Structures are given as C-alpha cells and as structure tokens.
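Have a look at the structure below, then the notes.
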2 protein chains.
Amino acid sequence: MFDAACPSAASPFRIADKWGGMVVLCLEAGPRRFTELRVPLQRIAPKVLTETLRSLERDGFITRTVFDENPPHVEYELTPLGRSLLPAIAACREWGFANLDAMRAARERYDGDGAEAA
Amino acid sequence: MFDAACPSAASPFRIADKWGGMVVLCLEAGPRRFTELRVPLQRIAPKVLTETLRSLERDGFITRTVFDENPPHVEYELTPLGRSLLPAIAACREWGFANLDAMRAARERYDGDGAEAA
DNA sequence: CAGTATCCTCAGCGATACTG
DNA sequence: CAGTATCGCTGAGGATACTG
C-alpha cells in the first residue's frame, strides 16, 4: 500500500500542478488558444502557462496544434484521455460546493481557539 | 471564473498536501495511532506527518484524541466531514486505475520523441 | 509513544523583459 | 500571437536528533 511506485494512491492527479485542473476545465467546452487561456486565468504568468500546457501535453491530456500562419495561431484541445479526467474533477468540485463552507467554518474555529489562547 | 476567492475551482482539495489524501484513506477503516500511520506511509518523516495531521484537524477532517496514559496514546479518526471526502477520493482513484497506464504510455511517447531528436 | 527542534534542498510559482 | 529567457522567492517536503 502506498509504495513509491503508486502515484495513483490518493491524489493520482493533482494533475501535476496548481493550474492543470483549471486548464482542463477551460478546455472542456472546446479548443482554446494560448491567449484565450490567459483570460480566465488572469493570474497566470506566461511561463507558468507554458509549463502547465507542456506537462498536460506530455501526459496525453491535451494536443497542441500549430497553424502555420502569420500571426501565429496555436490551439490546445482535450484528448479523450484528457476528457476522462472530467468526471473525477467534477466529483472534486461537487465536494467543494457541498462542503467548502463547513471546511472554512472548521478552520475558523480552529484558528480562533489558537488565537484566543494567545 | 477562477478568481482568487475560488479555491474550489478545480482541485478544491488537493487536501492540502502530498500526504493528506493518503492519511484520510488510512483512516477510512477506523481510528489509527500516530505510529500506526507511519507503517503504510513509511516514507513520511514524523515532522511531515504531524504537519499533515494538524492540517487535516484544522480543516475539520479528523479528530485528535489524547488518552492520558503512560506511555502516551493518541488516536486520529475521521469526522463526518472527513468521510465526505471519500467519494471524491474514490473518483480520483478510479480514474487512476482506469487511465494511469494510458497516461504513462503517453508520457513515454512524449519523452521518447524528445530523446530521439537529441 | 508521540511528537519537537533544527537545518537543508529544491522545484513550483511568479514578475518582467524580450523575440520570431 | 505565442511564446522564451532570466531571476528571485517561498514553502512544502525531508533527514536527523532529541524529549516529556
């Protein structure tokens, strides 16, 4: 159980990084271009978006298609494997919608106790 | 969409850290003691396990019960909120069982292409 | 047994500037 | 437009030793 060879363990897909899941969601509705992805993900630096996309491409979750035009045109699209992530992501999001408030409350309670004591 | 106030976004619960999910799974079958958790999670340093447990406790996922004995005896147990994570974790694990091989294959293909070119 | 204390490393994330 | 190049920081994660 949980040996080093078992990345599937519990969070098999923290989809690599902080942004991976969001990018997948952004691509759910169809192909998107580099700059289009930067709109919903305003806080992301271009370098980081590149890294994220490369990582997702490496894992076979997305494809990168270059149109030989000027100005350059590149599209990212989910593969079937990438789409297979959506149900699991949905399960996580549903948990969030249902329980995030409770979690936040627990957190305030915990932090509160610590603060009072001091 | 995806503003800073929306941690629920995609991976609402990378359950905090690398080990959080595994610890929750270890507690699924019932309460466990500190050292008992270190058995399946051999690679975890005591400091890190402590941090992980504190974090889970803070979020209301587990309770920490101290039995005033000698030698000391402490038990960690899932709360209902903690148990609510299990379905989402299960969804992630199922994805892993179903698709991890495909992902690994994609990764090797990708890395292979890069290596050949060099 | 159940932790703390201390120190360390590295990689993820980020900001900014530049380019084919 | 779609990136790369460079630099820097922070903090999660880890190894080891010690303690009530």
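These numbers come from a predicted model, not from an experiment. Order of the sequence lines sets the chain letters (A, B, ...), proteins ahead of strands, with each chain counted from 1.
One atom, CD of Glu75(A), and another, C1' of dA2(D), lie 13 Å apart when rounded to the nearest Å. Whole-Å rounding puts the Arg32(B) CZ to dC1(C) P distance at 16 Å. Distance, Glu51(B) CD to dG14(D) P: 10 Å, rounded to whole Å. Distance Asn70(B) CG to dG20(D) P: 13 Å, rounded to the nearest Å. At whole-Å resolution of the value, CG in Leu41(A) and C1' in dC13(C) are 14 Å apart. The distance from atom CG of Asp68(B) to atom P of dC1(C) is 17 Å, rounded to the nearest whole Å. The CZ atom of Phe67(A) sits 11 Å away from the P atom of dA2(D) (whole-angstrom rounding). Taking atom CD of residue Glu69(B) and atom C1' of nucleotide dA2(C), one finds them 13 Å apart after rounding to whole Å.
A side-chain contact (heavy atoms from CB on, under 4.5 Å) with Val74(B) holds for exactly one of Arg33(B), Arg64(B), Glu69(B); it is Arg64(B).
Residue contacts for Val74(A): at a heavy-atom cut-off of 4.0 Å it reaches the sugar-phosphate backbone alone, with no base atom in range. Residue contacts shown for Tyr76(A) are limited to sugar-phosphate atoms, with no base heavy atom under 4.0 Å away. Here Thr50(A) lies in heavy-atom contact (under 4.0 Å) with a base. No engagement by Arg38(B) is indicated, since no non-hydrogen atom pair under 4.0 Å with the nucleic acid exists.
Picking from dG14(D), dA2(C), dT4(D) the nucleotide with the shortest atom distance to the side chain of His73(B) gives dA2(C). Of the candidate nucleotides dG13(D), dC1(C), dA2(D), dG13(D) has the atom nearest to the side chain of Val48(B). Nearest to the side-chain atoms of Ala45(A) among the listed nucleotides dA15(C), dG20(D), dA17(C) stands dA15(C). When distances are taken from the side chain of Lys18(B) to each of dG14(D), dT16(C), dC1(C), the shortest belongs to dG14(D). The listed nucleotides are dA5(D), dG3(D), dC1(C); the one nearest the side chain of Lys47(A) is dA5(D).
Across all strands shown, dT9(C) forms a Watson-Crick or G-U wobble pair, both distances under 3.5 Å, with dA12(D). Taking a pair to require two hydrogen-bonding distances under 3.5 Å in either a Watson-Crick or a G-U wobble arrangement, dG20(D) pairs with dC1(C).
There is no side-chain donor-acceptor pair under 3.5 Å between Arg32(A) and Tyr76(A).
Look at Trp19(A) and you won't find any side-chain N or O under 4.0 angstrom from OP1 or OP2 of dG12(C). For the OP1/OP2 pair of dA2(D) and a distance below 4.0 Å, the side-chain nitrogens and oxygens of Arg33(A) include at least one atom meeting the criterion. Within the 4.0 Å cut-off from OP1 or OP2 of dA2(D), not a single side-chain nitrogen or oxygen of Arg64(A) is found. For Arg54(A), a side-chain nitrogen or oxygen approaches OP1 or OP2 of dT4(D) to under 4.0 Å.
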Report task. Check the pair Lys47(A), Glu51(A) against salt bridge (charged side-chain N to carboxylate O under 4.0 Å, His left out), reporting the backbone distance first and the verdict last. Result -> CA-CA 6 Å; Lys47(A) 193 199 75 168; Glu51(A) 288 171 356; 3.6 Å; yes

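Contact detail for Pro31(B) and Glu36(B): the closest heavy-atom pair is O-OE1, 4.4 Å. Listed here is the closest heavy atom pair of Arg83(B) and Glu28(B): NH2-O, 3.1 Å.
Between the CE atom in Met22(A) and the CG atom in Leu37(A) there is a gap of 13.0 Å [rounded to 0.5 Å].
Residue-to-nucleotide proximity on DNA chain D shows that, of Leu53(A) and Pro46(B), the 5′-proximal contact is made by Leu53(A).
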